[in-house]
Amino acid sequence: MTILETKVALRINGEAVEVPAGTSIHKACESAGIDTPTLCWAENLTPVNVCRVCVVEVEGSRALVPSCARPAEEGMVVETDSERVRHSRKMVLEFLGSGVNLEQAPELHEWMQRYGAEPERYDQYEMPAVRMGDAPKIQDNLFIRDYDQCVLCYKCVSACGDDAQHSFAIAVSGRGFGARISTEYDTPLPDSACVYCGNCIGVCPTGAIQFKTEFDLRAADDWRPDDQDVTRTICSYCGVGCNLELHTQDEKIIKVTSPSDHSVTNGHLCIKGRFGWQYVQPDEPPLNA
Amino acid sequence: MADLYISEDTADAAEIAAVDAALGGRFVVLHESERLVRAGTAKRHGHRHLLLPALHALQNAKGWISPGGLNHVCEALQVPPAEAYGVATFYEMFRVEEPGHAGDVTHVCVDAACQIAGSAEKIAELKASGGNVHESPCLGQCEKAPAIFVQGVAGPDSVPADSEPLQFHQQGDSSLRLLKRIGVVDATSLDSYREQGGYEAMEAAVAMGAEAVCTAVADSGLSGRGGAAFPTGIKWRAVAAEQGRPKHVVANCDESEPGTFKDRFVMENDPFSLIEALTVAGFATGAENGWIYIRGEYPLATARLENAIAQCREAGLLGGNAAGSGHPFDIELRRGAGAYICGEETALFASLEGFRGEPRSKPPFPTTHGLFQEPTAINNPETLLNALDILLIGAEEYRSRGTERSPGTKLLCLSGQIAKPGVYEVEFGTTLDQVIDLAGGLTGNGELAAILMGGAAGSFVGPDALDMPLTLEDTRERETTLGSGVIMPFTTEIDMVDVLVRISAFFRNESCGQCVPCRVGTVRQNETMVQLQRTGSLTSERLALVDDIAQVMVDASICGLGHTAASAINSAIALGLVPGAARGSGES
Ligand SMILES: Cc1cc2nc3c(=O)[nH]c(=O)nc-3n(C[C@H](O)[C@H](O)[C@H](O)COP(=O)(O)O)c2cc1C
Ligand code: SF4
Ligand code: SF4
Ligand code: FES
Ligand code: FES
């Protein structure tokens with residue numbers, strides 16, 4: 001049986017591009033070799049189009065359009081590098097940089113340079129710009145949450161909820177600049193619906209949620225990406241066959257991820273694959289200590 | 001969904017009774033002796049829209065939403081507690097921490113009309129006498145500034161000003177179309193409404209048929225009065241054309257645009273007209289489900305509408321064969337809980353469905369994917385009232401009022417420094433100075449400095465705009481807007497910077513927080529205005545920043561809140577109302 005694929009033809013920055021119907025503008029740009037920043041979008045999650053860093057100009061549309069979520073249409077005329085697009089991307093990055101700690105998000109720094117974002121300009125008067133400013137939540141030995149680093153991309157909420165785990169332990173609470181990712185009544189994670197799959201860690205783009213091992217190494221100023229290796233293997237616990245990426249430094253496992261394009265996991269794991277590695281290195285203190 | 005994890009906190013008897021009354025037996029989980037009966041996923045989704053009423057019940061029972069109370073609701077409706085908490089914390093009227101005090105909360109408006117009428121003094125006075133005072137955005141009673149709304153605990157909500165006699169300056173004016181029954185009809189009686197011509201439009205609709213109703217509305221040139229001026233006929237036809245799925249008509253009675261109170265005025269004083277108009281909309285579009293989403297701070301309008309719905313149901317005007325139309329149609333009323341953004345149509349759907357009031361991106365549009373992702377016609381109450389008039393007098397006669405491109409009449413909300421504040425109905429094309437005269441002229445000793453048009457999301461115009469005819473085309477040409485009909489004059493006595501600080505604070509507080517341009521942009525904009533207030537001027541660097549912030553909010557925000565959040569401030573700068581921020585010529 002052949003599957004007939006409908007194609008749509010559009011123009012991106014003056015070039016003719018043809019993609020299968022239903023392809024997002026972002027993917028169409030990618031196929032034309034145009035790199036578009038994305039923050040709240042991920043291959044393995046439903047688009048929420050909230051960060052607006054991926055906006056492009058579409059002829060006939062008054063406002064800019066989120067390329068991650070809008071499907072390419074026949075005859076669309078798209079500009080990805082116009083003055084308006086550059087301005088919006090610059091401002092989104094600048095806004096994030098002005099309110100959030102982005103130290104552990106190197107990709108964002110690259111984009112900020114690319115678009116000339118200057119987050120400092122909000123602070124240069126006697127009145128400091130308000131920030132997220134929360135203290136890290138350290139509630140167990142598996143992972144920490146530092147919402148001072150959170151850009152509110154909703155990815156962890158999607159991964160905890162409908163898109164992967166269906167635990168619904170965390171959601172967005174509050175409103176406006178006061179919005180935060182939270183359990184009900186900010187209950188500590190061990191007392192919440194969290195099942196410690198760590199899928200939120202896997203999708204977080206800024207390090208706001210991270211392995212406690214990583215957090216401790218960073219705190220000790222001993223986090224050395226250049227000395228780290230990644231080894232791909234298969235989880236040994238059950239027969240599902242989840243692929244694991246073991247991140248090691250000094251031959252010790254420091255965190256575990258799964259490739260988001262892996263057909264079994266889509267990048268998501270369970271508590272055993274994510275945190276159940278102590279038996280490999282029995283000399284290390286157990287995580288539940 | 002997997003089984004929900006619910007903590008051990010339990011509800012007390014008062015909370016359980018309040019929630020059970022609000023849910024009216026519509027549970028997803030039932031405890032039958034030892035047996036737990038759990039309905040399926042479809043039922044769970046089908047009941048989520050009861051979350052907001054249940055949260056209202058909890059808030060009212062104890063003055064806050066306790067963990068045990070929330071657990072009870074989450075179990076009954078099978079909503080994950082983290083999500084329900086996310087919903088509860090979205091709204092101004094809900095508290096999730098035990099208040100340090102027992103008893104009612106007095107909300108005092110701090111938006112422009114009340115700000116210049118002394119709300120700060122009112123707040124100080126109430127606090128001094130030991131009241132639980134909460135500073136509130138516009139309460140939709142701008143003509144009674146400074147406005148107060150009392151949120152009850154274990155008792156009803158109330159508005160002190162509701163006990164005052166009706167203030168309607170146009171009563172007896174024979175040219176009134178939309179307000180003709182105000183002050184004449186008994187707002188609590190269907191019989192009185194019928195004596196005043198009520199349900200004649202619905203009878204006409206049934207006689208001419210649904211398609212002809214849509215045609216008449218399209219031919220009349222009626223456009224939406226909720227702010228965006230979208231042609232109503234096109235909207236109704238689009239929903240009428242959808243087949244095979246349940247359909248909805250929604251009256252958007254969230255009315256939270258600062259300076260706006262016309263919908264409240266109609267709902268309080270002529271509530272049956274909205275019920276009839278929504279029934280007409282349902283008939284025209286083939287929708288069986290009518291919804292009224294009314295802001296939570298309107299207790300009198302809510303009571304009047306609930307009474308009207310009950311009487312209409314009793315009389316067969318709603319129900320299986322609504323008003324003899326041969327079609328089923330009924331109306332459910334839902335209360336918001338303090339969130340300006342829930343007036344944005346897609347946010348309203350999310351709120352009504354029991355989710356956070358976060359706008360969804362369009363396309364798809366409500367006419368195909370509205371409430372519950374089903375075809376929906378959503379309209380402002382004033383838009384709906386116009387449909388009644390169109391059916392009574394015909395499209396042609398309707399067009400004899402107003403202008404070619406803005407046919408009909410418009411409700412205007414006059415407040416601020418004006419002698420006779422209130423709601424006025426005028427033909428489109430009436431000029432701004434005529435309207436100000438109608439409302440008794442300006443008050444105070446100063447000269448006219450600026451007029452806020454269309455609310456906080458609108459813009460300021462200067463005295464040179466007094467000759468402007470109030471039409472869609474003329475306001476557009478002069479780069480301002482009629483918006484929701486707000487006309488709020490300020491004289492030179494008023495420090496406009498204080499007003500701009502408050503407008504920017506309004507957007508900062510009301511942004512849903514979903515998208516970065518608006519979540520952070522409204523905060524940074526507010527910071528620049530506070531800076532201006534402190535230093536007395538805007539440096540050229542700061543002015544450039546104000547422009548940069550405005551541009552990204554306009555270009556990249558998801559919804560109209562972000563798109564318009566900089567508009568009033570931009571216009572004030574352009575008019576030279578901001579000291580030390582005059583733009584060099586050549587800049588726009
Ligand atoms: C932030 C925001 C708040 C709004 N609030 C209201 C409102 O309170 N009432 C209303 O009718 N429309 C409001 N609107 C406009 C609605 O989205 C929608 O356009 C309107 O209800 C459509 O009805 P109409 O065609 O009869 O005007 C608001 C829009 C935005 C962006
Ligand atoms: S914690 Fe991380 S994944 Fe979650 S919203 Fe914040 S930045 Fe996004
Ligand atoms: S523009 Fe503002 S209110 Fe609208 S979706 Fe974005 S954050 Fe929410
Ligand atoms: S990546 Fe497209 S809006 Fe965030
Ligand atoms: S009630 Fe105060 S401004 Fe509207």
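All of these numbers come straight from a predicted model, not from anything done at the bench. Chain naming here is simple, since letters A, B, ... match the order of the sequence lines and numbering starts at 1 in each.
- A search for ring pair (Phe, Tyr, Trp, His ring centres under 6.0 Å) contacts involving A:His109 returns nothing, not counting sequence neighbours.
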A:Val53 and B:Val516: side-chain contact (heavy atoms from CB on, under 4.5 Å), yes or no, with the steps?
CA-CA 9 Å; A:Val53 79; B:Val516 177; over 6 Å; no
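- Looking at B:Arg508 and A:Phe177, their side chains never come closer than 4.5 Å, going by heavy atoms from C-beta outward.
- Looking at A:Val55, the atoms closer than 4.5 Å to chain B (heavy atoms on both sides) all sit in the side chain, from C-beta outward.
- Residue contact with chain B, scored on non-hydrogen atoms closer than 4.5 Å, involves the backbone and the side chain of A:Ala129 alike.
- For B:Val523, the part sitting under 4.5 Å from any heavy atom of chain A is the side chain, from C-beta outward, and nothing else.
- With chain A as the partner, the residue from B:Cys518, B:Pro81, B:Pro67 showing the most heavy-atom pairs under 4.5 Å is B:Pro67.
- Considering A:Arg84, A:Arg52, A:Arg62 as possible partners of B:Asp555, the one that fulfils the side chain to side chain donor-acceptor pair (under 3.5 Å) test is A:Arg84.
- Contacts between A:Arg70 and chain B at a heavy-atom distance below 4.5 Å involve the side chain alone, from C-beta outward.
- More than 12 heavy atoms of other residues, nucleotides or ligands shown are found within 6.0 angstrom of CD on A:Glu120.
- For B:Gln373, the CD atom is densely surrounded, since the number of other residues' heavy atoms within 6.0 Å is greater than 12.
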Assess whether side-chain contact (heavy atoms from CB on, under 4.5 Å) is satisfied between A:Phe95 and B:Val552, documenting all intermediate values.
CA-CA 10 Å; A:Phe95 280 168; B:Val552 67; 3.7 Å; yes
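- Note on A:Ala171, A:Ala179, A:Gly174, A:Ala63: by heavy-atom pairs under 4.5 Å with chain B, the leading option is A:Gly174.
- By the 4.5 Å heavy-atom criterion applied to side chains, B:Leu545 and A:Tyr122 are counted as neighbours.
- The contact between A:Thr183 and chain B is made entirely by backbone atoms, counting heavy-atom distances below 4.5 Å.
- For a residue to count as touching a neighbouring chain, one of its non-hydrogen atoms must lie under 4.5 Å from one of that chain's; by this rule B:Ile65 touches chain A with backbone and side chain alike.
- At a 4.5 Å heavy-atom cutoff, the contact between B:Ala339 and chain A is made by backbone and side-chain atoms alike.
- B:Thr535 touches chain A through its side chain: at least one heavy atom from C-beta onward sits under 4.5 Å away, while N, CA, C and O do not.
- No donor-acceptor pair closer than 3.5 Å links the side chain of B:Tyr5 to the backbone N or O of A:Phe168.
- Residue contact with chain A, scored on non-hydrogen atoms closer than 4.5 Å, involves the backbone and the side chain of B:Glu92 alike.
- By number of non-hydrogen pairs under 4.5 angstrom with chain B, the leading residue of A:Ser98, A:Cys40, A:Ser182 is A:Ser98.
- Here the side chain of A:Arg175 pairs no donor or acceptor atom with the backbone of B:Thr89 at under 3.5 angstrom.
- Contacts of B:Arg519 with chain A are made by both backbone and side-chain atoms, with heavy-atom separations under 4.5 Å.
- Looking at B:Tyr91, the atoms closer than 4.5 Å to chain A (heavy atoms on both sides) all sit in the backbone: N, CA, C or O.
- By number of non-hydrogen pairs under 4.5 angstrom with chain A, the leading residue of B:Leu70, B:Val520, B:Val96 is B:Val520.
- Contacts between B:Arg534 and chain A at a heavy-atom distance below 4.5 Å involve the side chain alone, from C-beta outward.
- Using a distance-only test at 3.5 Å, with no hydrogens or angles considered, no donor-acceptor pair links the side chain of A:Glu184 to the main chain of B:Asn71.
- The existence of a salt bridge linking A:Arg121 and B:Glu541 is excluded, since no basic side-chain nitrogen approaches an acidic carboxylate oxygen closer than 4.0 Å.
- Interface residues of residues 148-164 of chain A toward chain B, defined by a heavy-atom distance below 4.5 Å and sorted by number: A:Val151, A:Leu152, A:Tyr154.
- No part of A:Thr187 comes within reach of chain B, as not one of its non-hydrogen atoms sits under 4.5 angstrom from that chain.
- The shortest side-chain heavy-atom distance between B:Ile549 and A:Met91 falls under the 4.5 Å cut-off.
- Other residues, nucleotides and ligands place no more than 12 heavy atoms under 6.0 Å from the CZ atom of B:Arg476.
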